[in-house]
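Okay, so here's the structure we're looking at.
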Amino acid sequence: MSARLSLMMFLEFFVWGAWYVTVANYMTRIGMSEEIYLAFLVSPVAAIVSPFFLGMVADRFFSTERVLGVLHILGGIFLIAAPQVAEGPGASSTLFLLLLLVHMLCYMPTLGLANSLAFHHITDQEKQFPIIRVFGTIGWIVANIFVSGVLHADQTAIPLYTAGTAAILLGLYSFSLPHTPPPAAGEQVSVRKIIGLDALERLGSKPFYIFVASSFLICIPLAAYYAFAPVFVSAAGIADPAFKMSFGQMSEVLFMLAMPLLFARLGVKWMLLVGMFACVARYALFALAAPAGVFWMIITGIVL
């Protein structure tokens, strides 16, 4: 069972990683550089919308594996269609961005559904789930190695086609996953519960609000990083930027494995502070490296 769930998680993040890191350089090549920020706006918008779909439909009426299958197949079709409207006669940046949005509206709910399905079929969540989840990060790394390090396709539509095809395959694979009944079948729909207000009331202490504010602030430069770091790496003259960006996920795997030891030595507050200072160091390295495109500074920043 763990092997099947690990494959599901691998493909789940392969789909996202295959196009997300390369799309900015692709848009730059086809003359859509001014719309890059909009391509990265679709993910958070879809993430805000997806809990409503999960809470009002997927969690109540349909088995998890079937919802996963349908959403991935539809999302894959929309992603394959996106480059068709981005290039050639009648090219439309609006249609391209709209197809990315519809794809992410299909994709974002699957993140929660995949976790829910995995938790339902494992016996020891604390020990088994981290191992299953790390295959998601590996899937992201392999996707970037494949489309960038092997195919050298950062500025082409190939990553979009690759991700779309992988999504359809994952959709078909999802139907073979073990039956997982809707977890909230028969429960009364509560908007407060769906959008998380009940959880906020339970956790409404001062430290929690400080944590929320810190998360909000740290995600602002993080959003810019996702959108423009691959463009920056490419402009610095570094070949296969998505492959180089995958070094960040490689270091993530190592630090995920080291986190239990670090938590024991540093505690939660210092872990968060060290992480935030690492972000500051990353952007400082990028700023110092920018004029001359200093390779080691840029790679160190990515790894941080």
Side-chain angles (χ1 to χ4, degrees), residues 8-24 26-27 32 35-86 91-118 136 139-140 143 157 159-175 177 180 182-184 189-191 193-197 219 222-223 226-227:
M8 173 194 70
M9 203 65 73
F10 176 92
L11 291 172
E12 179 76 27
F13 285 88
F14 182 98
V15 171
W16 197 2
W19 72 272
Y20 202 66
V21 186
T22 61
V23 72
Y26 169 65
M27 292 177 69
M32 293 187 187
E35 289 91 359
I36 288 174
Y37 75 97
L38 291 172
F40 288 86
L41 183 62
V42 300
S43 296
V45 168
I48 292 170
V49 173
S50 65
F52 290 91
F53 172 78
L54 287 175
M56 299 183 72
V57 180
D59 278 359
R60 299 176 187 280
F61 303 111
F62 304 102
S63 61
T64 303
E65 75 280 1
R66 291 181 180 178
V67 179
L68 270 176
V70 171
L71 287 177
H72 276 304
I73 290 172
L74 289 175
I77 292 171
F78 290 128
L79 201 56
I80 289 173
Q84 306 296 320
V85 302
S92 169
S93 61
T94 301
L95 282 177
F96 175 73
L97 293 167
L98 182 61
L99 284 169
L100 289 186
L101 173 60
V102 177
H103 164 74
M104 291 307 288
L105 286 171
C106 292
Y107 177 84
M108 275 297 174
T110 68
L111 294 171
L113 289 169
N115 289 338
S116 177
L117 189 147
W140 184 292
L160 290 162
Y161 291 133
T162 301
T165 302
I168 293 172
L169 291 174
L170 175 53
L172 296 173
Y173 175 69
S174 296
F175 290 116
L177 292 169
T180 310
V189 176
S190 168
V191 175
K193 185 175 181 181
I194 289 171
I195 64 177
L197 289 181
C219 282
L222 186 63
Y226 282 136

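Predicted, not measured: the structure shown is a model, and the values here were computed from it.
Of all heavy-atom pairs spanning Gly17 and Ala143, the tightest one is C-CB, 4.0 Å. Between Ala114 and Glu12, the shortest heavy-atom distance links the atoms CB-OE1, 4.1 Å. Closest approach of Ala167 to Gly76, counting heavy atoms only: CB-CA, 3.7 Å. Contact record, Met104 with Pro109: O-CD, 4.2 Å, taken as the closest heavy-atom pair. Scanning both residues, Leu99 and Ala82, for their nearest heavy atoms gives CD1-CA, 3.6 Å. Residues Leu160 and Pro83 come closest through the heavy atom pair CD1-CG, 3.6 Å.
Looking at heavy atoms from C-beta onward, Leu169 lies out of side-chain contact with Leu11 at the 4.5 angstrom threshold. Contact of the Trp19 side chain with the Tyr26 side chain is not registered, since no non-hydrogen atoms from C-beta on lie closer than 4.5 Å. For the pair Phe175 and Val70, the minimum side-chain heavy-atom distance is below 4.5 Å. Considering only heavy atoms from C-beta on, Ile168 comes within 4.5 Å of Ile80 through its side chain.
Rounded to the nearest 0.5 angstrom, Met8 CE and Phe13 CZ are separated by 9.5 Å. Going from atom CG of Leu95 over to atom CG of Leu101 covers 12.0 Å, rounded to the nearest 0.5 Å. For the atom pair CZ (Phe96) and CE (Met27), the distance works out to 5.5 Å, reported to the nearest 0.5 Å. With rounding to the nearest 0.5 angstrom, the OG1 atom of Thr165 is 12.5 Å from the CG atom of Leu170. Here the CH2-OG distance, from Trp16 to Ser43, works out to 5.5 Å after rounding to the nearest 0.5 Å. Atom-to-atom distance recorded for His72:NE2 and Leu79:CG is 12.0 Å, nearest 0.5 angstrom.
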Passes side chain to side chain contact (heavy atoms under 4.5 Å, CB included), Leu97 versus Val42? Steps please.
CA-CA 8 Å; Leu97 293 167; Val42 300; 5.6 Å; no
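Looking at Leu71, Thr64, Val15 one by one, the single match for side-chain contact (heavy atoms from CB on, under 4.5 Å) with Thr110 turns out to be Leu71.
Identified under the side-chain hydrogen bond (donor to acceptor under 3.5 Å, both in side chains) test for residues 96-107, with sequence neighbours left out: none.
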